[in-house]
Amino acid sequence: MTYEHRMLIDGELVESESGRYFDNVNPATEEVIGRTTDGNRADMERAVAAARSAFDDTDWSRDHDARAKGLRQLQAALEAEREELRSELVAEVGCPVLSTYGPQLDVPLKEALSWPADMISEFPWKRALPDKDAFGLGTPTAREVWKEPVGVVGTVVPWNFPLEITLNKLGPVLAMGNTCVLKPAPDTPWNATRIGRLIAEHTDIPAGVVNIVTSSDHLVGEVLSTSPAVDMVAFTGSTATGRRIMAAAAETVKPAFLELGGKSVYLVLDADNLAGTVAGAAFVCMHAGQGCAMSTRLVVPNSCYDEAVEIVRAAMEKTKYGDPTDPSVLQGPLVSKRQQERVLGYIEKGKQEGARLVTGGGVPKDTPRGYFVEPTLFANVDNRMTIAQEEIFGPVLVVIGFDDDDDAVRIANESIYGLSGNIFCSDLERAKNVAGRIRTGTLGINGGLWYGADAPFGGYKQSGVGRQCGIEGLEIFTETKTVGWPA
């Protein structure tokens, strides 16, 4: 496998100032597959300075055609290396190769850059207001509202869907005329360093517009939150880290776009086609449950609770896990030993708090290597239990019963999170009514999928601030200026 270990700073592919490197580990085999340059605070500060200069001293922020061209060049370069990237993602993320034909690679590669590029010419950069004699002085004024780039955007991405999230950040950030510094997760650096190489070698994106700093030290990313030269932070990751970023950004009063955790419901409102609807909740095992929008609480009528538990138990026990390079595998490993231990700790907590372990709950005996956890199902779960309230980020599903629609809505909303969810009901209007009462940023009804570069994604409550993708995901990377002149 060929990979890029260097950072991109001010248009150059460079090593860290420290000369240090960190290992990239395949989570399915526990083997070191290569090394990556280990950036430090000085490297990050150089990257910020380059992004600041590219924004202040070039016409990138004003040249719509150049931005559209640069995004399309990057997309073409990525497409040319699609299969290398596919293998690389499976190796460093541990995601099933099956998922790369969907959200891990092919779907975002198709639209995450092209849609924002197309929108550059369609976006309402200026909006006229009616002429007005604002203070009654007999001097009518023509007025307009202008949308302008924020400036330098510090972007921090996680390890679970790294390429998808990176592209859905870069596309809108660059389309709106900003420059950026990207810090990938240390667990999955190569997809980001590959992007850096492709930008440097195959696009006309000016030096400093995109900078990519890899580091094993999470604290290096704090420069993006605290530096007065950074105008905004865009982060996807845990709610705990999001809180720290928001607090640090407050020192320079910079906006923070945060796409954080979730504890979404898979709500089955009636018993019609119970087998067909409930079994789908086992999809929580996809990519070992490492998705913030995955539905991890199965909420079913108490009248058919036991039957629902048995249906989903059978589905989870049929879920194939193991070697992520096997096209038939749905569930690969957790990304790291640390994450594996975290998930196992939550499973023990569930048992201690009185939930009934229906299936799974441990490390598979047939996978002697790799950070695997069995597909795990808990029943007799009270929504106040830790496993029903906290984001586990593993292949763990809890089943909670409800009495009526009001009770179901209460359970769905009884969470600090509000990111996503699914609702199933034979009565579509009833499902829509319930959907309108659930405080969450996205919802699928009867298997409908809301996802897309044109669809805003984000959460209520502690699931985040702002929206990624869609018109809202473009506007968030702009400032608003109102101007007037004598009519």
Side-chain angles (χ1 to χ4, degrees), residues 1-4 8 67-120 155-176 180 182 184-185 187-205 209-210 212 214 234 236 259 286-287 290-293 324-325 327 330 332 335 442 449-457 467-470 473-474 477:
M1 179 190 300
T2 58
Y3 64 91
E4 177 57 61
L8 176 66
R67 301 205 301 267
K69 179 182 178 182
L71 286 170
R72 294 189 178 109
Q73 288 174 328
L74 178 55
Q75 179 174 349
L78 284 164
E79 288 176 346
E81 298 189 5
R82 180 193 300 262
E83 296 313 312
E84 294 94 329
L85 188 50
R86 191 184 312 281
S87 297
E88 187 173 82
L89 284 167
V90 173
E92 70 172 348
V93 182
C95 58
V97 67
L98 177 66
S99 70
T100 67
Y101 295 97
Q104 282 285 5
L105 174 59
D106 285 357
V107 172
L109 189 52
K110 180 180 179 180
E111 62 182 22
L113 299 180
S114 62
W115 186 81
D118 291 343
M119 288 301 297
I120 293 172
T155 304
V156 183
V157 299
W159 42 257
N160 58 329
F161 287 82
L163 183 80
E164 187 268 350
I165 294 169
T166 295
L167 295 184
N168 278 313
K169 291 269 198 294
L170 278 182
V173 166
L174 300 183
M176 293 295 99
C180 76
L182 170 71
D187 299 285
T188 55
W190 288 351
N191 61 93
T193 53
R194 180 180 292 269
I195 290 172
R197 175 177 60 78
L198 295 178
I199 288 173
E201 296 179 353
H202 296 283
T203 78
D204 296 322
I205 295 173
V209 168
V210 179
I212 297 171
T214 53
T236 295
E259 194 274 287
M286 179 68 177
H287 189 25
Q290 298 172 119
C292 56
T325 66
L330 184 71
V335 76
T442 58
L449 297 176
W450 44 263
Y451 178 86
D454 59 349
F457 171 60
R467 293 295 181 271
Q468 180 169 287
C469 298
L474 298 177
F477 294 115

(message) Out of the candidates E4, E92, Q104, only one should pair with N191 under the side chain to side chain donor-acceptor pair (under 3.5 Å) rule; please name it.
(response) E92

(request) Decide side-chain contact (heavy atoms from CB on, under 4.5 Å) for L113 and L78; before the verdict, give the C-alpha distance in whole Å, the side-chain angles of both, and the deciding distance to 0.1 Å. (result) CA-CA 10 Å; L113 299 180; L78 284 164; 4.0 Å; yes

(message) I want to check something: taking the side chain as every heavy atom from C-beta on, are Q290 and V93 in contact at a cut-off of under 4.5 Å?
(response) no

(request) Looking only at non-hydrogen atoms, find the nearest pair between V157 and P184 and report the distance. (result) CG2-CA, 3.7 Å

(message) Is the shortest side-chain heavy-atom distance between L98 and P327 below 4.5 Å?
(response) no

(message) Measuring only between side-chain heavy atoms, which start at C-beta, is R82 closer than 4.5 Å to D106?
(response) yes

(message) Restricting to non-hydrogen atoms, name the atom on P108 and the atom on G102 that form the minimum distance, rounded to 0.1 Å.
(response) CD-O, 3.6 Å

(request) Could you tell me whether the side chain of S87 and the main chain of E84 form a donor-acceptor pair under 3.5 Å? (result) no

(request) Find out whether the Lys NZ or Arg CZ of R86 is both under 6.0 angstrom from the six-membered ring centre of Y101 and within 45° of the ring's axis. (result) yes

(request) Output yes when D204 and R72 qualify as a salt bridge under the 4.0 Å nitrogen-oxygen rule, no when they do not. (result) no

(request) Run the numbers on L163 and I195 for side-chain contact (heavy atoms from CB on, under 4.5 Å), then give the verdict. (result) CA-CA 9 Å; L163 183 80; I195 290 172; 3.8 Å; yes

(message) Checking side chain to side chain contact (heavy atoms under 4.5 Å, CB included) between L182 and each of L8, V156, T166, which is the one that passes?
(response) T166

(request) Using a strict 4.0 Å threshold on nitrogen-to-oxygen distance, state whether E259 and K169 make a salt bridge. (result) no

(message) What's the separation between atom CG in L74 and atom OG in S114, rounded to the nearest 0.5 Å?
(response) 11.5 Å

(message) Quick check: do L89 and P162 have side-chain heavy atoms less than 4.5 Å from each other?
(response) yes

(request) With rounding to the nearest 0.5 Å, note down the distance linking CG in N160 to SG in C292. (result) 6.5 Å

(request) Rounded to the nearest 0.5 Å, what's the gap from CG on L85 to CH2 on W190? Could you check? (result) 12.5 Å

(message) To the closest 0.5 Å, what do you measure between CE (M176) and CD1 (I120)?
(response) 6.5 Å

(request) Just say parallel, tilted or perpendicular for the rings of F161 and H287, cut-offs at 30° and 60°. (result) perpendicular

(message) If I compare all heavy atoms of Y451 with all of E111, which pair ends up nearest, and what's the gap?
(response) CE2-OE2, 4.4 Å

(request) Can you measure from CD (E88) to OG1 (T193) and round to the nearest 0.5 angstrom? (result) 6.5 Å

(request) With rounding to the nearest 0.5 Å, note down the distance linking NZ in K110 to CH2 in W115. (result) 15.0 Å

(message) Can you give me the closest heavy-atom contact between A117 and A68, atom names plus distance?
(response) O-CB, 4.0 Å

(request) Please report the C-alpha distance between E81 and R197 in whole Å, then the side-chain angles of each, then the deciding distance to 0.1 Å, and finally whether the side-chain contact (heavy atoms from CB on, under 4.5 Å) criterion is met. (result) CA-CA 12 Å; E81 298 189 5; R197 175 177 60 78; 2.6 Å; yes

(request) Of all the heavy-atom pairs spanning P456 and R467, show the shortest one and how long it is. (result) CB-CB, 4.0 Å

(request) Heavy atoms only: give me the nearest A185-P158 pair and the separation to one decimal. (result) CB-C, 3.8 Å

(request) Would you indicate whether the side-chain heavy atoms of L170 and C180 approach each other to under 4.5 Å? (result) yes

(message) As a quick check of understanding, evaluate side-chain contact (heavy atoms from CB on, under 4.5 Å) for T203 and L198, giving each step before the final call.
(response) CA-CA 7 Å; T203 78; L198 295 178; 5.7 Å; no

